[in-house]
Amino acid sequence: IFDDGILCSDCDGKLGVFDDHAIEISRLLGTTCELIDRRANRFTVTRASGVNHEQLALFGAAVVWRTSISSYRELSEFTLGNNEGWFRDMLFRQGTEIPTVLIARLVGANPLTHEAATSMLSYPQRIKIRGKSVARFYIHGLMFLVQTTRAADASLRADAVTTFGRSAGP
């Protein structure tokens, strides 16, 4: 989300680190750096300097937060409400908390549906998953689910990108 009316250049630069990492990872999708295991329902991306799972989670949170504070009319219905400050604090590292973010790879069974899946793009929308409020958005063949409340949920956390990163290593 680019809205030049919401962040100063220094703050935009801080969030830009997360954006850059996510863009770099998304460019590896569909290349020899990606392995899609349809039987295990998993995908893996490898790169020489590793994948920073925390930065991917913070990217997801940054997209959601920017949408919530944006002045764009078409985004005005999306809000984090009382959780905007909590997200801001996570993004600008005012603590050690990392948001719970799940990432799914969209693939198609044939070339046409695969191309449609990899070109999917949408702004965040609020939905409920397992009774928890999350924001869902799509970008370049990935679906992000970002938990938007502080309520701990072991099942969401078990599937979070940061949990996968800790178990898989760099």
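Just so it is clear, the values below take in all heavy atoms, side chains as well, and ignore hydrogens, waters and symmetry mates.
Every residue two or more places apart in sequence or in another chain that forms a ring-ring contact (aromatic ring centres under 6.0 Å, His included) with Phe137 is listed here: Phe144. For Arg93, there are no side chain to side chain donor-acceptor pair (under 3.5 Å) partners two or more places apart in sequence or in a different chain. Remark: Arg105 pairs with Glu34 by the salt bridge (charged side-chain N to carboxylate O under 4.0 Å, His left out) rule, at least two apart or across chains. For Thr148, the side chain to side chain donor-acceptor pair (under 3.5 Å) partners at least two apart in sequence or on another chain are Arg126, Ser133. For Glu97, the salt bridge (charged side-chain N to carboxylate O under 4.0 Å, His left out) criterion is met by no residue, not counting sequence neighbours. Listed by chain and residue number, nothing satisfies the side chain to side chain donor-acceptor pair (under 3.5 Å) test with Asn83 (two or more places apart in sequence, or in another chain). Residues passing the side chain to side chain donor-acceptor pair (under 3.5 Å) test with Arg27, sequence neighbours excluded: none. In this structure Asp19 satisfies the salt bridge (charged side-chain N to carboxylate O under 4.0 Å, His left out) test together with Arg66, sequence neighbours excluded.
Counting only distance, with no hydrogens or angles, the side chain of His53 and the backbone of Val161 share no donor-acceptor pair below 3.5 Å. Without hydrogens or angle criteria, Thr67 side chain to Val63 main chain gives a donor-acceptor distance under 3.5 Å. Listed for the Ser70 side chain is no donor-acceptor partner under 3.5 Å among the backbone atoms of Leu75.
Hydrophobic clustering, defined by side-chain heavy atoms of Ile, Leu, Val, Met, Phe, Trp and Tyr closer than 4.5 Å, groups Leu102 together with Leu106, Met120, Ile127, Ile129, Val134, Tyr138, Met143, Leu145, Leu156. When hydrophobic residues (I, L, V, M, F, W, Y) are linked wherever their side-chain heavy atoms come within less than 4.5 Å, Ile23 remains an isolated member.
Among pairs with a residue in residues 134-145, none fulfils salt bridge (charged side-chain N to carboxylate O under 4.0 Å, His left out), at least two apart in sequence or across chains. Counting only residues at least two apart or in different chains, ring-ring contact (aromatic ring centres under 6.0 Å, His included) contacts with residues 88-109 comprise Trp65-Phe92.
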